[in-house]
Amino acid sequence: MKNLEIAKIFYLMAEFIQMDKASFISIAYNKAGRILESLEKDIEEIYNKGGLDELKKIPGIGKGIAGKIEEYIKTGKIKRYQELKKKCPVDLEKLTSVEGLGAKRIKFLYKKLKIKNLKDLEKTAKAGKIGKLDGFGDKSEKNILQSIEIAKLDKGRFLLGKILPIARNIVNELKELPETENISIAGSARRMKETIGDIDILVISSKPSKIMDFFVQMSGIDKVWAKGMTKSSVRLRRGFDADLRIVKEQSFGAALQYFTGSKDHNIALRKIAQKKGLKLNEYGVYRNNKQIAGKNEKQVYQAIGLSYIEPELRTNSGEIEAALQQAQGKPNQLPKLIGYNDIKGECHCHSDWSDGSETIEGLARIAKKMNYQYLVITDHASPLGIVHGLDEKRILKQMAEIDRVNKKIRGIKILKGIEVDIKADGSLFIKDEILSKLDLVLGAIHSGFKMDKEKMTKRLIKAIENPHVDVIAHPTGRIIDKRPGYQIDFDKILEKAKKNKTALEINAHMSRLDLRDVDIRRAKQAGVKMVIGTDVHNISYFSMMELGVAQARRGWAEKKDILNTSSLKNFLKYFK
DNA sequence: GCCGTTTTCGGCCCGACTGTTTTCAGTCG
């Protein structure tokens with residue numbers, strides 16, 4: 001998929017263009033980059049299907065940019081980009097990663113001192129040559145040196161599952177301050193995006209100075225980027241930034257809306273406000289300088305003619321149109337998203353019979369504490385030695401053990417399941433005769449990831465068509481930022497899954513989150529049911545259900561789309 | 001470069017903080 005490659009070039013082109021003047025052309029390229037990044041379909045497929053006209057149908061892609069996309073697909077290059085790069089041959093990607101350095105200053109440094117990359121920059125700054133330039137000073141030079149160190153350590157984005165606990169800790173610390181009247185996580189963490197670049201926190205206070213003082217002096221801070229009365233920003237030693245914004249109570253909703261994003265969602269909202277003769281900013285919705293909304297988010301949306309939109313949906317990918325429809329009582333409304341407390345059972349769980357670390361009885365007690373009605377034990381049945389998979393004999397033994405635990409522990413039902421390997425030809429590692437005795441069979445691919453698209457699609461379809469397979473676990477096989485996932489024809493998979501009533505899993509593990517949000521949305525549209533499973537290997541995994549539900553919400557899933565929101569009875573009935 | 005329920009030209013979301021200035025450009029989100 002070339003979407004990300006092209007997006008990256010567009011971002012760089014935007015920077016190059018900005019070197020000469022802050023132009024709307026650069027804004028257009030940036031926007032095109034973001035569009036490509038969040039596009040659910042392969043841009044090359046779109047182009048092959050309908051050519052330039054099909055590309056131009058994407059909002060934000062016009063004649064010029066569509067042409068550049070075509071050029072890249074055909075030749076692997078974009079001439080305009082090469083030209084821009086030639087004019088100022090610097091390592092833009094690395095240099096812009098230095099906080100405080102943007103296109104203009106990078107060009108200036110290149111023209112004056114021939115600085116092309118981080119190494120040149122560091123050398124020149126250390127020699128004291130930067131502070132003497134026009135528009136720079138000693139402080140700029142010092143900041144550049146510090147920022148280089150931090151840029152060197154930059155690890156990019158972090159998993160939501162890693163960031164959320166840290167963000168919540170900071171929130172709890174700030175909450176302790178008597179000056180804090182209200183507080184919320186904002187930004188992409190509030191939208192529950194699967195990876196997070198930095199932490200955004202919003203505080204309501206009429207005495208911001210003490211809170212800001214505390215914030216920039218918290219433990220674990222490497223550098224204070226900025227400190228003001230309404231806005232401060234710091235770098236945490238763990239490798240990412242935290243931003244704090246403080247507003248007054250009457251602006252809480254507007255600020256929360258503004259600070260939650262996404263950027264494109266906000267821009268679209270402001271345009272809508274503008275058309276109505278209103279102004280939307282982080283302090284409220286204004287008509288002729290008079291605030292008409294702002295205290296809570298719902299009012300902000302209503303003031304510009306929309307229904308409230310849940311944070312997880314705010315990506316400007318149709319939710320604004322749906323909110324408009326809903327506010328006007330028309331069809332094609334917003335989904336009634338699955339709630340964080342709607343899950344009635346865990347359906348992907350490994351015990352110490354395979355590669356989990358907890359006994360079945362121990363797992364049952366935790367699941368009961370989670371208020372689940374049921375827990376499906378789905379140990380591996382696999383030839384892979386490392387997972388200590390079950391064979392047919394041990395499956396029967398384990399069933400007996402589950403019967404024993406069910407008798408011993410009341411208030412939760414342990415179901416008999418398996419996560420069985422789908423072999424290269426699509427057949428399963430366990431005989432149908434044994435599978436038929438189980439309550440739930442997850443089919444999963446754990447080897448032979450590199451198969452070509454046609455073969456892999458056939459392989460999965462064969463498993464989907466096996467009458468004993470209830471669920472395909474982690475259906476695309478991707479690992480966030482590590483493995484792209486297998487080549488599959490997802491539309492065909494959906495078609496067969498629907499026909500065979502085979503469900504797809506939303507694997508809730510923080511580094512899998514597989515299906516992706518865009519896949520979930522397509523599955524829902526295709527009428528394919530899903531389950532959310534955390535792939536428990538020890539007791540800490542249970543809490544990742546929150547991430548799985550968030551993923552489902554970002555994919556517009558409703559309660560009825562997710563089977564383990566059903567009662568035990570209905571859950572079993574579906575899979576019979 | 002993109003876009004159109006006033007427009008095929010003339011707009012384009014909006015504001016905070018910093019450093020170097022002395023009223024603002026650059027950067028960031």
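Within every chain, numbering begins at 1; the chains are lettered A, B, ... in the order of the sequence lines, protein sequences first and strands thereafter. Fair warning: this is a prediction, and the values are worked out from it, not measured in the lab.
Between Tyr286(A) and the phosphate of dC13(B), there is no side-chain N or O to OP1/OP2 separation shorter than 4.0 Å. Put simply, Gln274(A) has no side-chain N or O that comes within less than 4.0 Å of OP1 or OP2 on dG11(B). For the pair Ser140(A) and dT20(B), the criterion of a side-chain N or O lying under 4.0 Å from OP1 or OP2 is met. Dashed line: the shortest gap from a side-chain N or O of Asn281(A) to OP1 or OP2 of dG15(B) is under 4.0 Å.
dT20(B) has no stacking from Phe136(A) on its base ring, since the centres under 5.5 angstrom apart and planes within 30 degrees of parallel are not both found.
The side chain to side chain donor-acceptor pair (under 3.5 Å) with Trp225(A) is formed by just one residue from the set Asp241(A), Asn143(A), Asp243(A); it is Asp241(A). When each of Gln328(A), Gln326(A), Gln333(A) is paired with Lys330(A), the side chain to side chain donor-acceptor pair (under 3.5 Å) condition holds for Gln328(A) and for no other.
The separation of dG26(B) from dT22(B), taken at their P atoms, amounts to 14 Å, rounded to a whole angstrom. For dT23(B) and dC12(B), the P atoms lie 27 Å apart once the distance is rounded to whole Å. Nucleotides dG11(B) and dT7(B), compared at atom P, are 14 Å apart to the nearest Å.
With Lys68(A) contributing its side chain and Ile78(A) its backbone, the two residues share no donor-acceptor pair below 3.5 Å.
If you take NZ of Lys142(A) and P of dT20(B), they are 11 Å apart, rounded to a whole angstrom. Rounded to whole angstrom, the span from the NZ atom of Lys275(A) across to the P atom of dC14(B) amounts to 13 Å. Atom-to-atom, CG of Asn30(A) to C1' of dT27(B) comes out at 13 Å; the value is rounded to the nearest Å. The distance between atom CG of Asn316(A) and atom C1' of dC13(B), rounded to the nearest whole Å, is 13 Å. For the pair Ile25(A) CD1 and dG1(B) P, the computed distance is 5 Å after rounding to whole Å. Summarising the geometry, the separation between CZ on Arg105(A) and P on dG26(B) is reported as 9 Å, rounded to the nearest angstrom. For Arg245(A) and dC28(B), the CZ to P distance is 16 Å, given to the nearest whole Å. Atom NZ of Lys271(A) is separated from atom C1' of dC2(B) by 9 Å (rounded to the nearest Å).
Among the nucleotides dC12(B), dG26(B), dA16(B), the one closest to the side chain of Lys231(A) is dA16(B). Checking dC12(B), dT20(B), dG29(B) against every side-chain atom of Asp241(A), the shortest atom distance belongs to dG29(B). Of the candidate nucleotides dG29(B), dG15(B), dC13(B), dG15(B) has the atom nearest to the side chain of Lys279(A).
Lys57(A) has a carboxylate O that lies under 4.0 Å from a charged side-chain N of Glu54(A), or vice versa, which qualifies the two as a salt bridge. A salt bridge is absent between Glu15(A) and Lys94(A); no separation between the charged side-chain nitrogens and carboxylate oxygens falls under 4.0 Å.
Across every strand in view, dT8(B) sits unpaired, with no contact that passes the Watson-Crick or G-U test at under 3.5 angstrom.
Within the 4.0 angstrom heavy-atom criterion, only backbone atoms of the sugar-phosphate kind lie near Asn143(A); the bases stay farther away. Among the atoms of the strands shown, only primed sugar atoms or phosphate atoms (P, OP1, OP2) are found under 4.0 Å from some heavy atom of Ile61(A). Ala103(A) comes within 4.0 angstrom of the backbone, heavy atoms only, and of no base. Tyr258(A) comes within 4.0 angstrom of a base, heavy atoms only. Within 4.0 Å (heavy atoms only), Asp138(A) reaches sugar-phosphate atoms of the nucleic acid but no base atom. Here Lys63(A) lies in heavy-atom contact (under 4.0 Å) with sugar-phosphate atoms only. Residue contacts for Leu101(A): at a heavy-atom cut-off of 4.0 Å it reaches the sugar-phosphate backbone alone, with no base atom in range.
Geometrically, Lys114(A) engages Tyr110(A) in a cation-pi contact defined by less than 6.0 Å to the ring centre and at most 45° from the axis.
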